[in-house]
J.: 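Quick one: this structure, given as structure tokens, is what I'll be asking you about.
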Amino acid sequence: MITFYPDTKTFKLDTSESSYIFRITGAGYLRHIWYGHLLHEHELDRLTVRDGRDSSVPGSSDPDPWFSADTAAMEYPTFGAGDFRISALEVKNPAGNSVTDMRYVSHEIYAGKRPIPGIPSTFAKDDEADTLEILCRDVTGLLVTLYYTAYRNLPVISRRVSVKNGGEGDMYVKNIASMSVDFTHPEFDMLGLWGAWGRERHPERRRLIHGITELSSKRGASGHYHNPFAALLSPECTEEYGEAYGFSLVYSGNFAIKAELDSFGLTRILLGISPDGFEWKLEAGEEFYSPEALTVYSDNGIGGMSRAFHKLFRNHICGSVWQHKTRPVIVNNWEATYFNFDDDKLVSIAKDAADLGIDMLVMDDGWFGKRNDDRRSLGDWYTNEEKLKGGLPSLVSRVNALGVRFGIWFEPEMICPDSDLYRAHPDWALHTEGRGMSISRSQYVLDLTRPEVCDYIVGFMTNTLSSANIEYVKWDFNRCLTEVASLSLPTDRQGEVFHRYVLGLYSVLERVTSAFPNVLFEGCASGGGRYDPAMLAYFPQYWTSDDTDPVERISIQLGTSVVYPAATMSCHVSASPNHQTGRRSKLETRGNVAMAGVFGYELDLNRMTDDEKETVKRQVEKYKKISHIVMDGELYRLIPPTGDVAAWEYVTENKKEALFTFVAINARIAPVYFVKLRGLDPNLTYLDDFGNRFSGEALMYAGLNLTRGWRDGDSVTVHFTAEE
Ligand code: GLA
């Protein structure tokens, strides 16, 4: 619910669990007052009082003599007009300076939520959320609109900003954060998700100290190294207790999340497109839209915050028909064959898949051009008929004839110098004139700011997907952007290329996914390198990591789950010893770990023994029985994977079913383990899959007794069902 109190000119935005309050001052500044637990009152000005002014703190034109934009909690801080902390908005005006300031003009409140032109964002029906739009103006004629959507049944506020040149000369947007929040309490820890290739999204917590902390990407993609997410935690916040504020940017390109603790105990956090290398020209009348930022409030710890993000991303970001459908169990041939396969080999994997109950074969990299290694042919998206005799239609119908569905791999945004496409269109690769091009995995990046390049991608994808019964696409992206410039834009618009690339990508994804609404699209970027909420608008599932080692995967998956739901996490059982770490592991444990997400296989089924095939068959059967718990259930991270054991649990919303997993990462002699389950109904009786009966209260308050002789790498997954 969103309320405006005209007497005090105060806005109050209430979600299911949080309140967000700010007001218009006498001079028209927007002054932030409160973000936190749901409150019934709105007269909270006392929270913003900050005593003590000296000559280092500038005054303002506000009638309140104590008000200074430099010490006040500001709603959307601008650059150059008295607030010296990190700023959300900086626009160079026609006079050539970057002084940016804004005052309230008008506002509008309505039910529901409107989309952002050209940028994916969360959606909500009129009875699910309310939106406030506030128009502000700078003396230069710059018009700034702040958008807030408060979800009614989730503790979520969505924010974004647009700026319009309402003046006469050209303006240049140099920095535009999607949101900013000022907290008047000084004590916060900051949680981020750092990573690398094969080691994505590991939580890291630090105390915020005076000065600026930044998590960001300048790689042209959200990337492996930092996810566009951060949380501010009260110092006492733990997995299930205490206050957590989560912030997530719905964007796939360069981003920056900055937090500053100022000298007067105020903590500011802002997130948006990274200002590094960014400059967007606004001619008179032109408008620029920021991507969306999401905030979640929880007073049930990090776990409560994660569960709110999960609900949001399960129900409000992806419109694909696959979002709520049972996903196929896949076998992907990448780690099975790498580039070394032909049609007969794929058909023989599909034969085993059919026997084992696996639903779909995905043909990975290597099926097109002269792609027999990773050094050539990206861009040449025509079937290599030496490998696939009879072409795609023949292969797909042979696989389908076995009762197995067919999926295919693309890396659409790339071009190899050794490709027919590059020989025909060298200027289609991002580059700057007269400067060398950084090569990575023998490939360059296509210039998606150019409409003809976007049309080319849509064209070959449409042709391929129409040529045979292809029901799944893995959309890969395996390098970052360098020498970012475009021949298609004038010099004073080169600062737009990073963002225009992302807009080009969204337009292509929009066109391809809407032309093939029944195809299941899975995202990938050298594993989980562009795993962000905007990608989830097109990809109901994402390849979590190229590291498929089960021990590593526990950390990667539980780290990913800090923000993203299991329904988005693609998790495969691969061979032992593992191709990335060399570790040997039990097939059963590989299965139990992969069952924490969208389940599949990434190995050569033909090389499995009969015993192993029996295990696979049982795993597939089991997953099909429990997948609804994982896909739609609430996650509880019970024991973090930082010690000898790890445990997690999914519970259905009606609390009638739960899936519990325990892994003995390092075996210890004479260990004692009681693991308390969470989220169950204490008054129900649950049966496990071995026929044992437990009361919900015993499972939650006394715990499950797992004291036994675990061998190294053992694990168990238990399915609890409430007795009728
Ligand atoms: C990336 C992906 C892998 C695989 C290869 C193919 O590394 O993450 O899963 O598709 O590309 O080249």
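Start at 1 and go down the list; that is how both ligands and their atoms are numbered.
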J.: Within ligand 1, which atoms have a heavy atom of Lys474 less than 4.0 Å away?
T.: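 That gives atoms 3 (C), 4 (C), 9 (O), 10 (O) of ligand 1.
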
J.: Check Asp352 with Lys613, please: is the shortest side-chain N to carboxylate O separation under 4.0 Å?
T.: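 Looking at Asp352 together with Lys613, the answer is yes, because their closest N to O distance falls below 4.0 Å.
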
J.: Determine, for Arg405 against Asp359, whether the closest basic-nitrogen to carboxylate-oxygen distance falls under 4.0 angstrom.
T.: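 No.
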
J.: Is Glu522 close enough to touch ligand 1? Criterion: a residue heavy atom under 4.0 Å from a ligand atom.
T.: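 It does not, in that no heavy atom of Glu522 comes within the 4.0 Å cut-off of ligand 1.
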
J.: Below 4.0 Å, non-hydrogen atoms only: which portion of Arg441 touches ligand 1? Side chain, backbone, both or neither.
T.: side chain

J.: Of the side chain and backbone of Asp476, name the one, both, or neither that has a heavy atom under 4.0 Å from an atom of ligand 1.
T.: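 The answer is the side chain.
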
J.: Do Phe406 and Leu392 make a side-chain contact, defined as non-hydrogen atoms from C-beta onward lying under 4.5 Å apart?
T.: yes

J.: For Asp632, which residues count as a salt bridge (charged side-chain N to carboxylate O under 4.0 Å, His left out) partner, sequence neighbours excluded?
T.: none

J.: So which heavy atom in the protein is nearest atom 10 (O) of ligand 1, and how far is it from that ligand atom?
T.: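 Protein heavy atom at minimum distance: Asp364 OD1, 2.6 Å.
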
J.: List every atom of ligand 1 that sits less than 4.0 Å from any heavy atom of Trp543, numbering the atoms from 1 in the order shown and giving each element.
T.: 8 (O), 9 (O)

J.: Which of the numbered atoms in ligand 1 are under 4.0 angstrom from any heavy atom belonging to Ser526?
T.: 7 (O), 8 (O)

J.: Between Lys345 and Asp604, does any NZ, NE, NH1 or NH2 come within less than 4.0 Å of an OD or OE carboxylate oxygen?
T.: yes

J.: Which atoms of ligand 1 are found less than 4.0 Å from any heavy atom of Asp365?
T.: 6 (C), 12 (O)

J.: Could you tell me whether Asn478 approaches ligand 1 through its side chain, its backbone, both or neither, with non-hydrogen atoms closer than 4.0 Å?
T.: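 Looking at Asn478 and ligand 1, just side chain atoms fall under 4.0 Å.
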
J.: Could you find the nearest protein heavy atom to atom 8 (O) of ligand 1 and give me its residue, atom name and distance?
T.: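 Protein heavy atom with the smallest distance to atom 8 (O) of ligand 1: Asp546 OD1, 2.6 Å.
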
J.: Provide the number and element of each atom of ligand 1 under 4.0 Å from a heavy atom of Cys524.
T.: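 Contacts of ligand 1 toward Cys524, numbered from 1: 2 (C), 8 (O).
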
J.: Quick test of your reading of the model: are Asp549 and Arg583 salt-bridged, counting only N-O distances below 4.0 Å?
T.: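 Looking at Arg583 together with Asp549, the answer is yes, because their closest N to O distance falls below 4.0 Å.
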
